[in-house]
Chemist: 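There's a structure below that I have some questions on.
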Amino acid sequence: MTPRRAGPRIFVSAGEPSGDLHGADVVRELLRRFPEATIEGFGGRHMARAGARISVSTERMSGFGFVEILGKIPGHYRLLRAVRKAFAAEPYDLVIVIDYPGFHMRVASAAKEAGSRVLYYIAPQLWAWRPGRAPRLRAAVDKLAVILPFEEGFFRGIGVDAEFVGNPVMDRGPAPTREEARRRLGLPPDARILGVFPGSRDQEIERHWAAFRAAAERVRQAGACDHVAVAGIPGGIYPDLGDMVLEREDSALVFSASDAVLAKSGTTTLEAAVTGTPMVVAYRTHPLTYALARRLSRVPWVSLVNLVAEREVVPELLQSKATPARLAEALLPLLDPDHPARRAQGEGLAEVCARLGGPGAGQRVADLAEELLDR
């Protein structure tokens with residue numbers, strides 16, 4: 001007779017760095033509730049530090065865009081074959097997949113076929129494109145934990161058991177004060193600061209950096225800011241940085257120190273909203289990726305701030321519109337404390353924060369996980 005395990009056996013998969021951060025919160029909370037649980041999966045250093053046994057790093061998995069991810073497809077299929085084999089040999093009590101839908105929809109299906117319960121955290125954006133995938137999602141998951149307030153109603157409307165758990169950006173802890181952030185960045189306390197967020201992946205930095213840097217220089221030459229702070233990543237390459245301040249470890253310092261930011265689209269925009277920092281949102285990707293996305297998209301905006309607000313709160317400049325001149329032009333009024341555009345955006349950002357809910361997303365995901373384990 002096979003001895004009964006002391007605790008549940010759980011698989012958690014995060015396909016990119018942001019999922020690794022969110023997954024770490026869930027892993028930490030699950031191990032608090034189930035100290036004898038075995039938690040294995042795909043992730044990064046944050047999940048590993050939280051107590052998960054990581055077999056495949058997110059660095060091998062992450063990619064973005066329709067075109068950019070093509071080179072990773074063969075590796076993904078090899079990994080999926082291994083996952084199916086492992087799931088069939090010894091099913092987990094629970095499988096949690098986080099974001100990264102192209103890969104994780106298949107992982108979820110494999111887990112269900114093996115008899116595991118499946119919790120999907122951070123839903124595939126079927127509301128933006130490909131709503132026809134709803135039957136496949138219904139079949140693959142037992143519960144969907146969504147992080148945008150409008151998603152719960154959308155997914156329930158197409159027959160998927162979904163629950164809004166709040167947004168993980170609300171769990172980042174208290175941001176440093178403006179004075180502390182500027183002191184740690186070596187910036188004067190009374191200066192006007194522009195923050196620049198070119199991206200968290202090498203491909204994003206490569207596509208955004210030249211235009212973002214040139215736009216920041218235009219803003220500075222116009223006299224609208226005194227210093228520029230750049231939120232970088234370890235190992236990221238930022239040519240011709242000049243005297244801009246580069247912070248590679250703690251992007252929260254740049255948010256807190258800045259009077260306004262130029263940010264690539266993505267979670268960064270919600271992080272800026274939480275700190276109340278006015279922003280201009282921009283994004284560049286491969287032309288074919290962009291053409292396909294525009295053809296498939298069913299929503300009028302790309303920034304999460306505008307999607308949550310259901311109206312344009314922040315300006316969006318995409319692809320050919322993301323030129324240094326146009327980016328600088330959009331930033332200038334946001335650096336003027338008396339400009340109506342800055343005041344209006346501040347009111348909109350406060351509205352977005354109110355809709356995101358309070359902190360505790362990871363704990364609420366763990367609540368759903370515990371319910372599934374008890375079934």
Side-chain angles (χ1 to χ4, degrees), residues 8-27 30 37-126 129-130 133 136-145 200-204 233 235 266-267 285-286 289 292 365 369 372:
R9 187 165 173 265
I10 302 170
F11 184 90
V12 181
S13 180
E16 52 191 347
S18 61
D20 177 44
L21 274 170
H22 307 326
D25 290 338
V26 178
V27 169
L30 285 172
T38 298
I39 301 183
E40 302 169 325
F42 305 152
R45 58 190 175 95
H46 297 288
M47 283 174 53
R49 288 173 183 169
R53 187 184 307 154
I54 302 301
S55 58
V56 176
S57 169
T58 54
E59 293 179 3
R60 282 181 52 191
M61 298 170 64
S62 63
F64 76 104
F66 298 100
V67 174
E68 292 84 353
I69 203 171
L70 289 177
K72 297 183 180 292
I73 288 176
H76 280 179
Y77 274 104
R78 287 193 295 272
L79 189 56
L80 280 167
R81 286 195 294 271
V83 165
R84 289 192 180 99
K85 185 176 180 180
F87 285 179
E90 188 177 1
Y92 287 85
D93 298 301
L94 177 66
V95 172
I96 303 174
V97 293
I98 305 169
D99 203 2
Y100 208 56
F103 180 73
H104 280 152
M105 286 283 283
R106 292 173 172 83
V107 172
S109 295
K112 285 293 286 185
E113 290 171 6
S116 300
R117 299 287 186 184
V118 178
L119 171 60
Y120 203 131
Y121 179 29
I122 308 181
Q125 295 179 347
L126 302 193
W129 45 55
R130 301 185 73 177
R133 297 173 77 184
R136 184 180 170 197
L137 182 63
R138 281 196 300 270
V141 306
D142 294 286
K143 192 78 176 188
L144 193 60
S200 59
R201 304 183 183 96
D202 290 337
Q203 289 172 313
E204 290 179 328
I233 61 171
T267 306
T285 188
H286 191 284
T289 295
L292 288 170
V365 174
L372 291 176

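Since we're looking at a predicted model, the values are computed, not measured.
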Chemist: Hey, could you give me the CZ/NZ distance between Arg117 and Lys143, rounded to the nearest 0.5 Å?
Modeler: 12.0 Å
Chemist: Taking the side chain as every heavy atom from C-beta outward, state whether Val118 and Val107 have any pair of such atoms under 4.5 Å apart.
Modeler: no
Chemist: Given Leu30, which partner from the list Val365, Asp25, Ile10 fulfils the side chain to side chain contact (heavy atoms under 4.5 Å, CB included) test?
Modeler: Ile10
Chemist: What I'd like to find out is whether the side chain of Glu113 reaches to under 4.5 Å of the side chain of Phe87, using heavy atoms alone.
Modeler: no
Chemist: Out of curiosity, Phe42 CZ to Phe103 CZ, how far, rounded to the nearest 0.5 Å?
Modeler: 5.5 Å
Chemist: CG of Leu21 to CZ of Arg45: how many Å apart, nearest 0.5 Å?
Modeler: 7.5 Å
Chemist: When you compare the side chain of Val12 with that of Val26, does any pair of heavy atoms fall below 4.5 Å?
Modeler: no
Chemist: Kindly give the heavy-atom pair with the smallest separation between Ala24 and Ala50, and that separation in Å.
Modeler: O-CB, 3.5 Å
Chemist: Knowing that exactly one of Ile96, Ile98, Val141 qualifies, which makes a side chain to side chain contact (heavy atoms under 4.5 Å, CB included) with Tyr120?
Modeler: Val141
Chemist: Find out whether Thr38 and Arg53 are in side-chain contact, i.e. whether some heavy atom of one side chain is under 4.5 Å from a heavy atom of the other.
Modeler: yes
Chemist: Output the distance between atom CD1 (Ile122) and atom NE2 (His104), rounded to the nearest 0.5 Å.
Modeler: 10.5 Å
Chemist: Within a strict 4.5 Å, meaning less than it, do heavy atoms of the His22 and His46 side chains meet?
Modeler: no
Chemist: Working to the nearest 0.5 angstrom, can you tell me the gap between Arg106 CZ and Arg136 CZ?
Modeler: 5.0 Å
Chemist: To check you understand the geometry: which heavy-atom pair defines the closest contact between Leu94 and Ala369, and what is its length?
Modeler: CD2-CB, 3.5 Å
Chemist: Does any part of the side chain of Met105, heavy atoms only, come nearer than 4.5 Å to the side chain of Leu137, both counted from C-beta?
Modeler: yes
Chemist: For Glu16, is there any backbone N or O sitting under 3.5 Å from a side-chain donor or acceptor partner on Arg201?
Modeler: no
Chemist: So which atom in Ala114 and which in Pro91 form the shortest heavy-atom distance, rounded to 0.1 Å?
Modeler: O-CG, 3.2 Å
Chemist: Please round to the nearest 0.5 Å and tell me the distance separating atom CD1 of Ile39 and atom CE of Met47.
Modeler: 8.5 Å
